[in-house]
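Working notes, structure below.
These numbers were taken from a predicted model, which means no experiment stands behind them. In what follows, every heavy atom counts, from backbone to side chain, and hydrogens, waters and symmetry copies are set aside.
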Amino acid sequence: MRVKRIILSGSLLLLSIALTCAVFYVVKNHQKQSRLIESELKFNANFVSIWLQTAFNHSNFVLTQLSKDLTQDGFAQLALSDNHYQEQAEVFELHYQTLMNAIHVFAVDKECVLLKTKTIGGVDLSSREYCQRLQNNNEEITSVITGPFKDILNRNVVVQGVKITDKKGAFAGIVGLLTDFTFFTRALRSAHLSEGSTITILSRDFTVLATSVPRYFPIGEMMDFDYVPYQKINGLKYNQELLFDSNKKYNGAYQGVFVKKVSDLPFIILVTKAKNYWFTPLYITIATVFSLILALLFFLMKNAVYFHKLNIKAEHYSKLALFDELTGSCNRRCFENKISGFIEEYHSRKKVFSIALFDIDYFKKINDTYGHDTGDEVLRLFSQTCETVCTPDDHFARLGGDEFVMLLANANAVDAELRLNCLLNTIRDIEISINEQSVKVTSSIGVTEVNNRIFDSCKLLNKADEALYEAKRLGRNQVSISVIETTH
């Protein structure tokens, strides 16, 4: 009996120790997992924040320098006439090319009347936020970034403006740039989110500028405070960070929310991860010390793999140089990364996709006839036009020169041809006026579809190139399909 009591007591003691160790392990592991996820959320928020700061601080520097140049040139005495237009237009175009976040650089006079541009001039903009703040302020405000609004061409834009003064220091006008929402969308595409994560960029009035979950946060509309409480994110200060839970489910689950104010810019980064990723299952049955050790080894290996993935991502982010400077589209390196993922997805999940190779018809003739500035403008407009038809899962890239490529997710060759023919109609509407001459743009497009014989991008690109050559042979300005034979 005494031996039985000793064995029973010893067993209960060992069981108690095992259970205590198990509970201690689960709690500590949960805390560690939470810290890792918080680090991931902060990393993505800081990455996008640095992207925005770099772009807008650089543009503020360029606009400030342009403002000083215009002040020295006597901007306050310039008339709204064609005599001054050509010289100022060339200056604005030169600065525009250096700004990754600009779709247009403009200037207004001291009455806040828009100076003539390539398309429009003489418009009274005195009701705009940037005019009211810079024209009427009693403080030393020299630059502003507005909330989003519709510009005179009905585009959703944000304006960054810098005050121009006369030689006496009085208000003489504003030089500014327009940033449309596609810039913010490009910023989000650079953040590689893990499963269950979302990211959103908000303006200071909580308008959604870009998001990975437009179903819940429609772009261009005020944020839905049913999901994220207003009192939590209102009044954030310089680089302030908050971590809290969402009010209700969205994207299929309750969310852990990390919010960051972007330094002194009027933008807020909101990164989330589904709460079910934050909890390690607590229903671990602890039968023996051996099972505890196995569980411990499992979680250590899991965390080691997780750290390894984070390190790979960190190295990847440090090497980011994935966007074409002229057009703002993905470059060749970015495209090669994307297409490798598409091919892997096809072979693992049979997610079909097509690839389209674009060539601007007679681009060399445009360059030779109208100059490289016009050629660059054609490349930018062409890229912007093609970007507008891309779905969130599609990718558009400039490979070099006038050669572009588009990955069309979840589209076979026939579907791709239909979409690209619609795109061709839009491309044909591109028109640039140069010295009272009109430059029209067309494109030849070669399309092919992935199949089970494709394991790298070279063969896919070669087939698309063959189709592109066929489109040119048949007279250009059309879409041609090249089909790769499949194995049975």
Side-chain angles (χ1 to χ4, degrees), residues 34-35 37-61 63-64 101 128-134 136-149 156-163 176-177 179 181 183-185 187-188 190-191 193 197-213 216-217 219-247 250 255-273 317:
S34 296
R35 287 194 297 270
I37 294 175
E38 289 175 23
S39 297
E40 177 191 336
L41 298 179
K42 290 181 180 180
F43 186 88
N44 281 313
N46 288 331
F47 177 78
V48 176
S49 175
I50 291 171
W51 173 290
L52 296 177
Q53 290 178 65
T54 301
F56 281 94
N57 288 342
H58 174 245
S59 58
N60 184 70
F61 173 80
L63 292 176
T64 299
N101 58 328
R128 297 297 196 201
E129 176 188 350
Y130 54 89
C131 279
Q132 293 182 356
R133 292 181 62 187
L134 292 176
N136 303 322
N137 77 89
N138 296 321
E139 304 174 7
E140 289 300 319
I141 300 177
T142 59
S143 64
V144 297
I145 299 177
T146 70
F149 64 94
N156 286 314
V157 296
V158 170
V159 165
Q160 184 176 25
V162 173
K163 182 193 296 184
L177 61 84
T179 300
F181 287 9
F183 165 75
F184 298 100
T185 300
L188 294 196
S190 302
L193 301 175
S197 298
T198 72
I199 188 165
T200 301
I201 302 177
L202 305 173
S203 66
R204 65 167 177 265
D205 62 355
F206 306 116
T207 299
V208 179
L209 303 178
T211 182
S212 61
V213 282
Y216 300 97
F217 301 139
I219 295 176
E221 297 184 13
M222 189 72 71
M223 183 179 184
D224 188 345
F225 294 111
D226 285 343
Y227 296 112
V228 178
Y230 172 80
Q231 63 271 20
K232 289 282 189 181
I233 60 176
N234 184 40
L236 292 175
K237 296 179 172 49
Y238 185 97
N239 274 339
Q240 185 176 353
E241 300 175 349
L242 291 176
L243 185 65
F244 53 89
D245 294 343
S246 62
N247 279 355
Y250 70 89
Q255 303 287 319
V257 182
F258 179 79
V259 176
K260 179 181 178 67
K261 170 73 167 61
V262 182
S263 65
D264 56 348
L265 301 179
F267 306 120
I268 298 170
I269 311 298
L270 188 149
V271 190
T272 73
K273 193 172 186 72
Y317 291 147

Test your reading of the model: is there a side-chain donor-acceptor pair from Thr179 to the backbone of Asn101, 3.5 Å cut-off?
yes
Side-chain contact test, heavy atoms from C-beta onward, threshold under 4.5 Å: evaluate it for Pro148 versus Leu209 and give yes or no.
yes
Please answer whether the main-chain N or O of Lys42 pairs with a side-chain N or O of Asn46 as donor and acceptor at a distance below 3.5 Å.
yes
About how many Å separate CG of Leu177 and CG of Asn60, when rounded to the nearest 0.5 Å?
9.5 Å
Thr200 versus Met223: any side-chain heavy-atom pair under 4.5 Å?
no
Taking side chain as C-beta onward, heavy atoms only, is Ile219 less than 4.5 Å from Asn156?
no
Side-chain touch Ile269/Leu52, heavy atoms, less than 4.5 angstrom:
yes
Closest heavy-atom contact between Asp205 and Met222?
O-SD, 2.8 Å
Does the Asn239 side chain pair with the main chain of Ser263, one donor and one acceptor, at a distance under 3.5 Å?
yes
Please assess Thr272 against Val213 for the test side chain to side chain contact (heavy atoms under 4.5 Å, CB included), listing each intermediate value before the final yes or no.
CA-CA 11 Å; Thr272 73; Val213 282; over 6 Å; no
Is the shortest side-chain heavy-atom distance between Thr211 and Ile199 below 4.5 Å?
no
Search all heavy atoms of Arg133 against all heavy atoms of Ile145 and return the closest pair with its distance.
NH1-O, 4.2 Å
Show the nearest heavy-atom pair for residues Leu188 and Ala210, with the distance to one decimal.
CD1-C, 3.5 Å
Step-by-step side chain to side chain contact (heavy atoms under 4.5 Å, CB included) determination, Glu38 to Leu243
CA-CA 8 Å; Glu38 289 175 23; Leu243 185 65; 3.4 Å; yes
On a heavy-atom basis, which atom in Thr142 and which in Leu134 lie closest, and how many Å separate them?
C-CD2, 3.8 Å
Please assess Val259 against Phe244 for the test side chain to side chain contact (heavy atoms under 4.5 Å, CB included), listing each intermediate value before the final yes or no.
CA-CA 9 Å; Val259 176; Phe244 53 89; 3.8 Å; yes
Between the main-chain N or O of Gly147 and the side-chain N or O of Ser203, is there a donor-acceptor pair closer than 3.5 Å?
no
Side chains of Ser212 and Thr198: donor-acceptor distance under 3.5 Å anywhere?
no
Parallel, tilted or perpendicular: which fits the ring planes of Phe47 and Phe43, with parallel below 30° and perpendicular above 60°?
parallel
Would Ser197 and Lys273 count as having a side-chain donor-acceptor pair, cut-off 3.5 Å?
yes
Audit row: Val208, Leu202, side chain to side chain contact (heavy atoms under 4.5 Å, CB included) steps and yes/no
CA-CA 5 Å; Val208 179; Leu202 305 173; 3.9 Å; yes
Rounded to the nearest 0.5 angstrom, the NZ-CG distance for Lys237 and Asp264 is 15.0 Å
Are Glu241 and Phe258 packed together at the side-chain level, in the sense that at least one heavy-atom pair is separated by less than 4.5 angstrom?
yes
Aromatic plane relationship, Phe206 with Phe225 - under 30° parallel, 30 to 60° tilted, over 60° perpendicular
perpendicular
Specify the closest pair of heavy atoms between Ser246 and Val257, including all atoms of both residues, with the distance to one decimal.
N-CG2, 3.9 Å
Look up atom CG in Asp226 and atom OH in Tyr216, then write down how far apart they are to the nearest 0.5 Å.
13.5 Å
Phe61 atom CZ: more than 12 heavy-atom contacts under 6.0 Å
no
Nearest heavy-atom approach of Ile268 to Lys261 is CG1-CD, 4.4 Å
Counting only N and O atoms by type, is there a donor-acceptor contact under 3.5 Å from the side chain of Gln160 to the main-chain atoms of Ser59?
no
Are Gln53 and Val262 close enough that some pair of their side-chain heavy atoms sits under 4.5 Å apart?
yes
